[in-house]
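Here the structure is laid out as structure tokens; the discussion comes afterwards.
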Amino acid sequence: MRQDDISLHVKGASKFVGDLDVPANTLYANVLTSTVANGIIISIDYSAAEACRGVHAIITHKDIPGLNEIGNIIKDEELFAVEQVHFIGMPIAAVIAETDAIARKAKNLIKVEYEELPAIFDPREAFAKNSLIAPPRIFSLGDVNAAWNECDFVIEDKVESGAQEHLYLETQSAVTIPIEERKFKVISSTQSPTAVQKTIAWILNIPMHMIEVEVLRLGGAFGGKEDQATPWAAITAVAANKIKRPVKLVLKRGEDIRQTGKRHPYSSDYKIGLKKDGTILGYEVTFYQNAGASADLSTAILERTLFHTTNSYFIPNVKATAVSCKTNLTPNTAYRGFGGPQAMFVLQSAIDKAADVTGLPVEDIQRKNLIKKNDTFPYGMRVMDNHAIACWDRGVELYHYGSIKKSAEKYNKISHYIKKGVSIQPVCFGISFTSTFLNQASALVHVYNDGSVLISTGAVEMGQGVNEKIKRVAANVFSLPMEMIKLDYTNTTRNANTSPTAASSGADMNGNAAKLACEEIAARLLKFAGKKLSSAYEDEVSLKNGKVFLNETETELTWKDLILSAYFERINLSAHAHYSTPNIFFDKKTEKGNAFAYHVTGTAITEVTVDCLRGTYQIDKVSIVHDYGVSLNEKIDLGQVEGALAQGIGWMTMEEILHNDKGRLTTDTLSAYKVPDIHSAPKEINVDFYNNPENSAGPFNSKAIGEPPFMYGIGTYFAILNAMKSFNPKMDFIYKAPMTPEKVLMSLLKSGGEK
Amino acid sequence: MIKFILNNVVTTTEKSEGYRVLDFIRHDLNLTGTKESCREGDCGACLVLQGRLRNNQIYYRSVTSCLMLLGEIADSHIITIEGINENELNPIQQSAVDQNASQCGYCTPGILLSITGYLLTCKDFTYEGIIKALDGNICRCTGYASIKRVAQDLVDYVGDRVDELLNAENRVAKLVEWKLLPGYMTEIKEKLIDLEAALPPIKIMEGQRPVAGGTDLVVQRDEEVEDYDLYFVNRSQSKSKIKLECGKIYIDASATVTDIYESNILKAYFPEIERKFHLISSTPIRNMATLAGNFVNASPIGDLSIFFLVLDAELVLTLDGEESTVLFKDFFINYKIIALQEGELLKGMYIPLPSQNLKMNFEKVSKREHLDIASVNTAMAIETEDNIITKIELAAGGVAAVPKYLPAAGALAIGKTINNKTVYEIAESCVKEVTPISDMRGSAEYKKTLLKNLVIAHFIELFPEFVSAEELV
């Protein structure tokens, strides 16, 4: 019977941290967090909580033997607040009790007095007050100031996009089990087992080799468990270190939404210049990123915003300035797309407005400016192929864009307040961590002497199918059925110094590492098989379908026999391999370099229907051409495209994060924060895979797929806007996402003349 | 002691009646296939099926175990994901694997149970029906496309045997025969009959808090509810919850939204129910939430309240065995203050049979169309003669401290001919009667604008021949 993740999922048999059997003496943690956005802690009264039956300890910064620090890129974030709190939801202490319920009840009895300080929530206000995470960065190409004079049209505007809650269905969770003295095993729902290990090491002031971090799988992550799984694991470790008992922490949904960061909201200013024929000559943009109260991954995310400033378009003169603004919100963090979507939304808004101003069809401006082979990105890298244009043209032809547009126009002439809208959204997304050192991975492969294969890599399975893809890689190398291969849980003792499973790179890098390890074992086996089959040359021997072939002819020797006899001959049946992505570099001084192994491109055509009386809409169809190289698993890749699209649509339409004027999140429940359901997802999604075999950076010419399709969702915003314009062409529209039904209705009424 | 059947095992517990079924399944029985995610009925990760005996038949329904208290499942059958597993994957599970319809896997058990629940309960069997049955399940990974393919696979699997399924004398046995349910399911009815015989009758005691579905109570009183002394309205239910009585329709307080949605009586008189009740919460919540719960909770945005406010309904209340009545219009006094005395219970509701020419329309706009709380909802019931308004009732939610009955607009409209001008005046008048506040469901200005447009929508929907959208919108 299959033992892969999905076969377990459908039986409810797959386990997540919250499902694990833990030792009977396990205690439970609940975290006391700040209720003010910025304030000095005057006093804390723990007495009532300590007096509760079942409470074992209350841990604070005083129980940290090492550094009270969880900042990864910049060391600016305390695990537990010492003197001052910087956002609502910042951890101050944790109650450790017999049960989760007792810990929570006791936590509610703790009284904290604050001296409240003025707080900043708006990134522009933070910028004005010089409250920054890091100095601004600028990417530039050509001379944007000289370009304006050559333009027939120069348009300026402001664009805003909102935060987004990850809403992984499994909340943040971890358990730490003390093994012997200061040796700990941590089971964490994290995308970054090494970050958890490293951070706990400095917090407990012990070497990393004292901490084993294991990850079974994640019930969704989407970036939300890249850096922000760490504090919860660290809290259990501090408690376990103090009490010498296992400690478990599983956040309730409301706690999770309130206490963890989101996709960064951005407020941006742009200036775009075009010639009469629609050629874009210049683009100047300033991104104000709302980072929240500490750095987290904000600077890396901002960097990717800069990388994707021009998306799929070639613009000869660009100046992009990016500022990470420090505010008193929960530190924002990685989320699928990692700053790319925010940049692409600004540019699409600029092009949309340019179409209105110039009177040119928006798709003509888009098509005219798509990147071609040998064009230069603002960061100096050359465009390697013509896939952006190929995907666009294929989409337009395959899905009959011309007739879609015509029939929408025809419909809108007859229908008064129900309007159809269409849009085309191209996407070009760079693959690799933009911090070059992260582009490494490792894999440990064992062939057991019954012939079964176990693979462990640094990749974390979170539903993206990385285990199945790596299994495919191994199955290809060994030419074995998939059932013979199993992916083990991710564990820091099997693979060290791993990079987070992020940046869409999990299958690429870990798959390549697994490929190298499998190839090493296969080489030993072939050499041995050559000897065994009395062939002088190992290159005459090959593995095929569980059999050994000699000169392309099947022999009697099966995989299982080969393995067993190799074992008796004392051949090493294990291998560990390391992979580092070749030919990538980036110089932050000049802001130029070959930052990416390759780009993923594609195009989405979106069709919507908007009810301009009620302000509501439905997404009728999204038709995509997506460049996926040669897929390792088409069903997984299809699922990634469809799922990312729905999340992107959610970000652009109904997902709205709101705070009150004190900085308290008001959309902290699923009854208030809405994500797409089965009815609001597109009625129809078509995905055409643009198959191309050129990508040597992905295992077996595959391509990364996790993030790029998220940005197809941007097309939904502009399709809705397109329909709205047909109802009210004079609408004075403010480019701000999300496009909620409120935004639709109130925008339709805003115009020079009464409508 | 609470006794029920969990999958194929008769289970007893001494836990409090207010203890969450989800916690019992996960923590006390260590059946971890049922997941906790939102704990407020908004995601379906904890969805299970509940079967109850009614007239010697088991009626199954999907419910969210996070909002369900142990007292609600006494004497019933609960099916978790573990309870549909057999040695081989069943055809739905196999399809989910083949279609890659499970990515992270966390929502999967709930999704598969929703589909199984549909098979057990459906009155018609269609692809659209399966999709609707999934309106209470959130999946963050798949974008639902692969889940829709599973629905299509199931439709193909049943193929031309739809009538065989729908007309089966024993649906459970048929589904077992088709490998869609495990074999033990055919024995549950007998076990349940044995279980129910053992039950003492239950009456409300002094100091007890009534629970009628509890879908909001449990969210609002998350931590306290376990310690309450509870009286479960559903356990003393009357035989028929919706009936014709002395020229009126009677709806029992314990009728669930699903009971109302599926009632043939109501369907015949108020077709708007069948058209619009899919907009009210989700399948599992409709299966639990009751008329009484919705009214007494007095949410200013309660969908049922708005719907029935325009139907001249009268509520029956009981206090110490004494019955009294109150007009539903007079029931909501101020924010969460209702015309119900301490100790008094809502027993049911009478609706007069509508006149032949009554027309009704219900509108609701929320951020997400399904399983969401409205920004504004509104209902209109109207009677006309020769296009002249003879009677009109309007109500709106989300625009005041209470579900708002709007008498002024009605008074203004009587005797007027339906045309653009009249409609516009009525819409404007409605807006004047309301006092919305700005909150996460929209700004006050938006809610006023929306109400105006939705009142216009009532007329566009009901009288397209007399009003012109071109001029009104």
Side-chain angles (χ1 to χ4, degrees), chain A residues 5-16 18-19 104-105 167-171 217-220 222 252-253 416-417 462-465 612-616 635-636 639 642-643 645-647 654 656 658 666-667 669-672 674-675 677-681 685 740-742 745-746 749, chain B residues 32-40 42-43 45 80-82 85 89 93 96-97 99-100 102-109 112 131 134-135 137-138 140-148 223 363 365 367-373 375 440 442-443 446 449-450 453-454 456-457 460 469-470 473:
Chain A
D5 271 47
I6 195 166
S7 305
L8 298 176
H9 292 335
V10 298
K11 291 187 284 192
S14 48
K15 298 242 172 165
F16 299 84
D19 303 333
R104 185 166 288 104
K105 277 185 186 163
L167 210 87
Y168 30 69
L169 284 196
E170 178 212 21
T171 56
R217 61 176 63 76
L218 314 184
F222 316 115
K252 292 280 177 204
R253 177 60 58 190
H416 174 58
Y417 67 90
M462 55 191 106
Q464 85 280 42
C612 298
L613 172 62
R614 297 172 178 88
T616 53
K635 277 183 184 162
I636 286 174
E642 292 164 339
L645 169 70
Q647 262 181 22
M654 67 179 69
E656 189 174 32
L658 297 168
T666 53
T667 48
T669 61
L670 260 62
S671 55
K674 309 314 281 189
V675 301
D677 63 353
I678 199 162
H679 289 294
S680 52
I685 303 174
T740 59
E742 176 172 10
L745 193 64
M746 299 314 271
L749 299 172
Chain B
T32 54
T34 306
K35 304 299 182 194
E36 171 167 337
S37 185
C38 77
R39 214 174 166 85
E40 57 168 341
D42 269 301
C43 76
T80 69
I81 185 73
E82 290 86 356
N85 286 339
L89 299 182
Q93 290 172 316
V97 171
Q99 298 292 0
N100 196 41
S102 170
Q103 291 186 18
C104 86
Y106 210 82
C107 72
T108 308
L112 297 178
I131 300 303
L134 289 165
D135 62 0
N137 295 90
I138 293 297
R140 193 56 156 160
C141 297
T142 60
Y144 305 95
S146 52
I147 294 166
K148 291 176 184 169
E223 284 174 21
E363 294 281 336
V365 169
K367 232 175 237 176
R368 190 174 70 197
E369 189 179 17
H370 292 86
L371 183 49
D372 196 1
I373 298 165
S375 294
M440 61 194 159
S443 66
Y446 166 59
T449 306
L450 184 55
N453 282 18
L454 294 183
I456 291 170
I460 291 177
E470 280 75 5
V473 186

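Just so it is clear, the values below take in all heavy atoms, side chains as well, and ignore hydrogens, waters and symmetry mates. Everything quoted here is computed from the prediction, not taken from an experiment. Throughout, protein chains are lettered first and strands after them, A, B, ... in sequence-line order, and every chain is numbered starting at 1.
Judged purely by atom type and a 3.5 angstrom limit, Glu170(A) has no side-chain atom pairing as donor or acceptor with the backbone of Tyr106(B). Formation of a donor-acceptor pair under 3.5 Å by the Glu223(B) side chain with backbone atoms of Lys105(A) is not found in this model. Using a distance-only test at 3.5 Å, with no hydrogens or angles considered, a donor-acceptor pair links the side chain of Arg368(B) to the main chain of Val675(A). Here the side chain of Gln93(B) pairs a donor or acceptor atom with the backbone of Val10(A) at under 3.5 angstrom.
At a 4.5 Å heavy-atom cutoff, the contact between Leu454(B) and chain A is made by side-chain atoms alone. Residue contact with chain A, scored on non-hydrogen atoms closer than 4.5 Å, involves the side chain of Glu40(B) exclusively. With a threshold of 4.5 angstrom between heavy atoms, Arg140(B) approaches chain A through its backbone and through its side chain. Neither the backbone nor the side chain of Ser375(B) comes within less than 4.5 Å of any heavy atom in chain A. Contact of Thr34(B) with chain A is not made at all, since no heavy-atom distance falls under 4.5 Å.
No side-chain donor-acceptor contact under 3.5 Å links Glu369(B) and Thr616(A).
Partners of Asp19(A) by side-chain contact (heavy atoms from CB on, under 4.5 Å), not counting sequence neighbours, listed by chain and number: Lys15(A), Phe16(A), Arg26(B), Thr32(B), Lys35(B). In this structure, Phe222(A) has no ring-ring contact (aromatic ring centres under 6.0 Å, His included) partners at least two apart in sequence or on a different chain.
Salt bridge present: Lys252(A) and Glu36(B) bring a charged side-chain N and a carboxylate O closer than 4.0 Å.
Rounding to the nearest 0.5 Å places CD of Glu642(A) at 6.0 Å from OG of Ser146(B).
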